[in-house]
Amino acid sequence: MAPLKELVEGIKSVSHGNFQVKLQQKDASEIGQISQQFNVMTQRLQHLFQQVAATKEQLAVKQPSLESSGDLEKALDELEIIMERTKLQKELQRAEKMNAIGQLAASVAHEIRNPMTVVKGFLQLFQDNQKLTKAEIGYIHLMISEMDRAEVIINDYLSLARPGVKEVDIIDCILSVTSLVDLLSSYALLTSNIEIEIQTNQLAYVRGNKNEFNQVLLNIMKNGIEAMQDGGKLSVSINVKDNQVHIAIKDTGEGMTQQELERLGTAFYSLKEKGTGIGLMVSYQIVEEMRGKITVESEKGKGSTFIVSIPAYKT
């Protein structure tokens, strides 16, 4: 068979789902090189669909087998179904883990908070004792400061298992973002000479608890500022597309590796020296309760972009 005709026939075979076809042309000509690359491609496709078939069996996807489909388009459709099923399974596992951690955290936090309140109360009484030296008063202030920090962490844990019934508001996203930027601008400039800018050209509203929504944005924006230790710019943009409000918070900080990205939003994982990871974990949960999601794009050394997407409310 002529080399070009063999190549055409090979492409037809692959398009019908036959990945075992092999071309015989092996000389140094351009057709020969194309034939070699074609054979490499079919080997990879064959290996890919073998892996997909194994995954399909594990997930018990009730679809015709890849080998009997006889059609590349159908095989690709089935591949998409399996990928969606795998994604859904991961989301369910994550939701179950979040619920378990929330219940455990709440019970532990309640038990710790009571004795901490007593200890903090006595420390505050001791600091008014005029017989103490300056050094001793300094030690007490340090202990109270650490108790305050521990109390903040406990409150974060408790918020993981807070009651589901709460006040629902119609939230003006532009107003919320503008207020938070005003609040953080001085902190950003004084911390590392960071500039914050807002980009929006359309009205955007969502439904949810206003305080929790602001908490999510505040957590992410503050994390972005703290990621830029040598200064930079924090950009916050708002746009509405496909009935979704997208709030993108972009920093020019250190960025993250793929491994770090995969662990975001889990308990006890933080890139900050004294961080617990609970603040971001709570943020993920709040957005999920608003039927939204948080996606993150990042590259090491080039900064990160957190995108909060929530169904738009039509006024």
Side-chain angles (χ1 to χ4, degrees), residues 94 98 145 148-149 152-153 155-157 159-160 171 173-201 204 206 211-241 244-288 290 292-310:
R94 182 177 178 276
M98 288 277 288
S145 175
D148 288 339
R149 179 172 171 269
V152 169
I153 294 172
N155 288 336
D156 283 342
Y157 272 108
S159 66
L160 287 170
I171 305 168
C173 296
I174 296 177
L175 183 60
S176 287
V177 168
T178 303
S179 300
L180 291 172
V181 168
D182 290 341
L183 177 67
L184 288 171
S185 289
S186 297
Y187 169 74
L189 285 172
L190 292 172
T191 303
S192 299
N193 193 28
I194 294 167
E195 177 189 353
I196 306 178
E197 66 174 15
I198 304 175
Q199 300 170 350
T200 182
N201 56 8
V206 296
N211 290 333
E212 291 186 347
F213 177 75
N214 287 346
Q215 179 187 349
V216 170
L217 299 184
L218 183 63
N219 282 342
I220 297 174
M221 291 167 69
K222 192 168 180 289
N223 285 346
I225 291 170
E226 292 171 352
M228 297 182 285
Q229 297 179 1
D230 299 323
K233 178 184 288 187
L234 187 75
S235 303
V236 185
S237 63
I238 304 172
N239 68 80
V240 182
K241 184 179 181 182
Q244 293 275 321
V245 175
H246 303 283
I247 303 173
I249 302 170
K250 180 179 181 180
D251 66 64
T252 57
E254 299 175 2
M256 292 173 280
T257 64
Q258 186 60 39
Q259 290 76 15
E260 290 170 338
L261 277 174
E262 290 172 358
R263 295 190 62 188
L264 278 183
T266 58
F268 316 117
Y269 180 73
S270 174
L271 297 174
K272 293 186 286 188
E273 184 179 349
K274 293 187 177 182
T276 62
I278 299 300
L280 197 55
M281 189 175 180
V282 170
S283 297
Y284 273 82
Q285 181 170 315
I286 291 172
V287 173
E288 285 173 3
M290 296 176 72
K293 64 178 181 178
I294 298 176
T295 54
V296 187
E297 301 169 358
S298 186
E299 187 176 345
K300 199 67 177 178
K302 295 187 177 180
S304 305
T305 302
F306 282 73
I307 304 171
V308 180
S309 302
I310 299 173

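Start at 1 with the first residue, then count along the sequence. All values below were derived from every heavy atom in this structure, side-chain atoms included, with hydrogens, water molecules and symmetry-related copies excluded.
In this structure the side chain of F213 reaches within 4.5 angstrom of the side chain of I310, judged on heavy atoms. Contact check for Q258 versus L261: side-chain heavy atoms found under the 4.5 Å cut-off.
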Anything under 3.5 Å between a donor and an acceptor, one on a side chain of residues 229-241, the other on a protein residue two or more places apart or in another chain? List them.
from	atom 1	to	atom 2	distance (Å)
S235	OG	E197	OE2	3.2

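Residues passing the salt bridge (charged side-chain N to carboxylate O under 4.0 Å, His left out) test with E195: none are found, sequence neighbours excluded. With sequence neighbours left out, the side-chain hydrogen bond (donor to acceptor under 3.5 Å, both in side chains) criterion links N214 to S176.
The nearest pair of heavy atoms linking V287 to K293 is CG1-N, 3.3 Å. Of all heavy-atom pairs between F306 and I294, the closest is CD2-CG2, 4.1 Å. Nearest approach of S309 to Q244, heavy atoms of both residues: C-OE1, 3.8 Å.
One distance of note links CD1 of I247 with CG of L217; it measures 5.0 Å at 0.5 Å rounding. The CE atom of M228 lies 4.0 Å from the CD1 atom of I194; values are rounded to the nearest 0.5 Å. Taken from NZ in K222 to CD1 in I220, the straight-line distance is 13.5 Å, to the nearest 0.5 Å. Taking CD of E299 as the start and OG1 of T305 as the end, the distance is 11.0 Å to the nearest 0.5 Å. To the nearest 0.5 angstrom, T200 atom OG1 is 3.5 Å from I174 atom CD1. A distance of 9.0 Å separates CD1 of I171 from CD of E212, quoted to the nearest 0.5 Å.
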**Report entry** side-chain contact (heavy atoms from CB on, under 4.5 Å) assessment of M290 paired with I286
**Finding:** CA-CA 7 Å; M290 296 176 72; I286 291 172; 4.3 Å; yes
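Side chain of D251 to backbone of S304: a donor-acceptor contact under 3.5 angstrom is found.
In K302, the NZ atom is not crowded: 12 or fewer heavy atoms of neighbouring residues, nucleotides or ligands sit closer than 6.0 Å.
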